[in-house]
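Because the structure is predicted, anything quoted here is derived from the model rather than measured.
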Amino acid sequence: MKSNKKAAKIVGVLFIVAAVTAVVGLNLYNPILKGPDYLLNGSKHAKQVVLGALMELVLVVSAIGTSTTMFPILRKYNETIALWHVCFRFLEAIIITVGVISVLSLLTLSREFVAAGDHDPASFQASGIVLKAIHDWTFMLGPLFMLGINTMMYSYIFYQTKLVPRFIPILGITGATCVFVCALLVMFGVIEQISVWGGILALPVAANEMILAVWLIVKGFNETALLSLSAKSSN
């Protein structure tokens, strides 16, 4: 039971770390991802951009940590879904890492642009557009598309097992559906990811993660449900 309580606290802390680093990292990227002068501003704010990349790498580690820490518990109910959850969380982390690489590559391009002066600015702009596009697509596929799948899987198991109060996985399933729909709407150009509707559709999954995180840190998993799962897995 002590190990389960420790695992619950670790998962809760990692969810909070992931959420904070995701927001901070995105804001730190502003000089190089926003505005028409991003190639100039990126080089001027190089340390800020690198710090943003580090924040997203912490996000990657945290995301993987939540899935691997929950795996021994989730597998007692359904090992297949638990394994899928780990695999898709790793895929989400890989996609986010590709986005980090695109931003750091854009920073290198920005430095080369400043060093080149007025020499061939069109080619720099073309390369910049491609790198920004890569980041935009990874930002949609990781934190929206894959996040929806991952949240749906662990919320389903939490709902079935009552490891946490059922209102939390219900919110998780709702949030997963909303964020998945948001990903599809962004993919087909119906809405922008950074928009009012994007924020509204992402709100339930963000609320679910924070409520779940606090619950796991303070209360942990339901001990009765854990005993039931342990008995089931041993039979």
Side-chain angles (χ1 to χ4, degrees), residues 14-64 66 92-118 120-148 175 178-179 182-207 209-210 213:
L14 289 176
F15 266 123
I16 293 174
V17 171
V20 171
T21 52
V23 174
V24 173
L26 183 61
N27 286 326
L28 289 173
Y29 283 159
N30 282 341
I32 203 166
L33 291 180
K34 293 185 177 180
D37 296 328
Y38 64 93
L39 286 177
L40 288 173
N41 293 330
S43 180
K44 291 179 182 178
H45 300 87
K47 292 182 179 179
Q48 178 179 331
V49 174
V50 172
L51 182 58
L54 288 174
M55 289 293 103
E56 285 219 295
L57 291 176
V58 173
L59 162 63
V60 166
V61 174
S62 301
I64 293 173
T66 57
E92 177 187 344
I94 291 170
I95 291 171
I96 294 172
T97 302
V98 172
V100 173
I101 294 171
S102 70
V103 172
L104 293 177
S105 299
L106 188 58
L107 177 59
T108 300
L109 183 70
S110 174
R111 287 168 170 165
E112 292 296 322
F113 176 76
V114 172
D118 294 330
D120 197 17
S123 63
F124 283 100
Q125 290 289 348
S127 299
I129 291 171
V130 171
L131 291 172
K132 286 180 69 176
I134 293 173
H135 174 267
D136 290 345
W137 280 108
T138 57
F139 182 56
M140 185 278 297
L141 291 173
L144 284 185
F145 193 88
M146 290 300 169
L147 177 62
C178 288
V179 82
C182 181
L184 294 178
L185 292 176
V186 173
M187 288 179 70
F188 286 98
V190 178
I191 65 172
E192 295 290 332
Q193 184 170 351
I194 306 299
S195 64
V196 174
W197 277 110
I200 291 173
L201 290 171
L203 185 59
V205 76
E209 289 190 352
M210 291 303 96

Spatial distance of atom SG (Cys178) from atom CG (Leu144) [nearest 0.5 Å]: 11.5 Å
For the student: nearest non-hydrogen atoms of Pro143 and Ile96, plus distance: CD-CG1, 4.5 Å
Main-chain N/O of Asn27 paired to Asn30 side chain as donor or acceptor, under 3.5 Å: yes
Interatomic spacing from CG in Asp136 to CG in Leu131 - rounded to 0.5 Å: 11.0 Å
Nearest-0.5 Å distance, CD of residue Glu92 to OG1 of residue Thr138: 11.5 Å
Beyond-backbone contact of Val100 with Val60, side-chain heavy atoms, under 4.5 angstrom: no
Name the atoms and distances for all side-chain donor-acceptor pairs under 3.5 Å in residues 43-59, with sequence neighbours left out.
from: His45; atom 1: ND1; to: Asn41; atom 2: O; distance (Å): 2.9
from: Gln48; atom 1: NE2; to: Leu28; atom 2: O; distance (Å): 3.1
from: Glu56; atom 1: OE1; to: Tyr29; atom 2: OH; distance (Å): 3.1

List the atom pairs, donor and acceptor, that lie under 3.5 Å between side-chain atoms in residues 191-199 and the rest of the protein, sequence neighbours left out.
from: Gln193; atom 1: NE2; to: Phe139; atom 2: O; distance (Å): 3.2
from: Ser195; atom 1: OG; to: Glu192; atom 2: O; distance (Å): 2.4
from: Ser195; atom 1: OG; to: Gly198; atom 2: N; distance (Å): 3.1

Over all atoms of both residues, closest heavy-atom pair of Pro204 and Leu201: CD-O, 3.5 Å
Stepwise side-chain contact (heavy atoms from CB on, under 4.5 Å) check, Met146 with Ile95: CA-CA 9 Å; Met146 290 300 169; Ile95 291 171; 3.9 Å; yes
Distance in Å, Leu39 CG paired with Glu112 CD, rounded so as to fall on 0.5 Å steps: 11.5 Å
Any side-chain heavy-atom pair of Leu33 and Leu106 under 4.5 Å: yes
Heavy-atom side-chain contact between Val98 and Ser102 under 4.5 Å: no
Non-hydrogen atoms of Leu147 and Val179 that approach each other most closely: C-CG1, 4.5 Å
All N/O donor-acceptor pairs, side-chain side in residues 14-21, below 3.5 Å, sequence neighbours left out:
from: Thr21; atom 1: OG1; to: Val17; atom 2: O; distance (Å): 2.7
from: Thr21; atom 1: OG1; to: Ala18; atom 2: O; distance (Å): 3.2

For the student: nearest non-hydrogen atoms of Ile129 and Tyr38, plus distance: N-OH, 3.7 Å
